[in-house]
Asker: 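Pasting a structure below so you can have a look.
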Amino acid sequence: MKPFAKVVATMLGHGPLDREGTARQQIHREWDRQRALAISPSERAEIDAIFSRHL
């Protein structure tokens, strides 16, 4: 799949994805996942505080 992505990126004129942006997307996905698992509003607030400090 990677060679295909390179071909498409070359055709469209886009460079490779930046690692910081990819890492940030992964953090946001995990943040959303943890928020969905939270049982109470206080637990959700604690999760938000932890992740917002990281970013």
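Quick caveat: nothing in here was measured; it's all calculated off a predicted structure.
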Asker: Locate the shortest heavy-atom distance separating Ile47 from Gln34; write the atom from each residue and the value.
Answerer: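 Nearest pair, atom of Ile47 first, then Gln34: CD1-O, 3.4 Å.
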
Asker: Check whether more than 12 heavy atoms from other residues, nucleotides or ligands sit under 6.0 Å from atom CD of Glu46, and answer yes or no.
Answerer: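 No.
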
Asker: Do other residues, nucleotides or ligands put more than 12 heavy atoms under 6.0 Å from Leu37 CG?
Answerer: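 More than 12 heavy atoms, drawn from other residues, nucleotides or ligands, come within 6.0 Å of this atom.
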
Asker: Tell me which one of Gln25, Gln26, Arg24, Glu30 satisfies side-chain contact (heavy atoms from CB on, under 4.5 Å) with His28.
Answerer: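 Answer after filtering Gln25, Gln26, Arg24, Glu30: Arg24.
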
Asker: Return the CH2 to CG distance between Trp31 and Asp48, rounded to the nearest 0.5 Å.
Answerer: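 Spacing of CH2 (Trp31) from CG (Asp48) equals 5.5 Å.
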
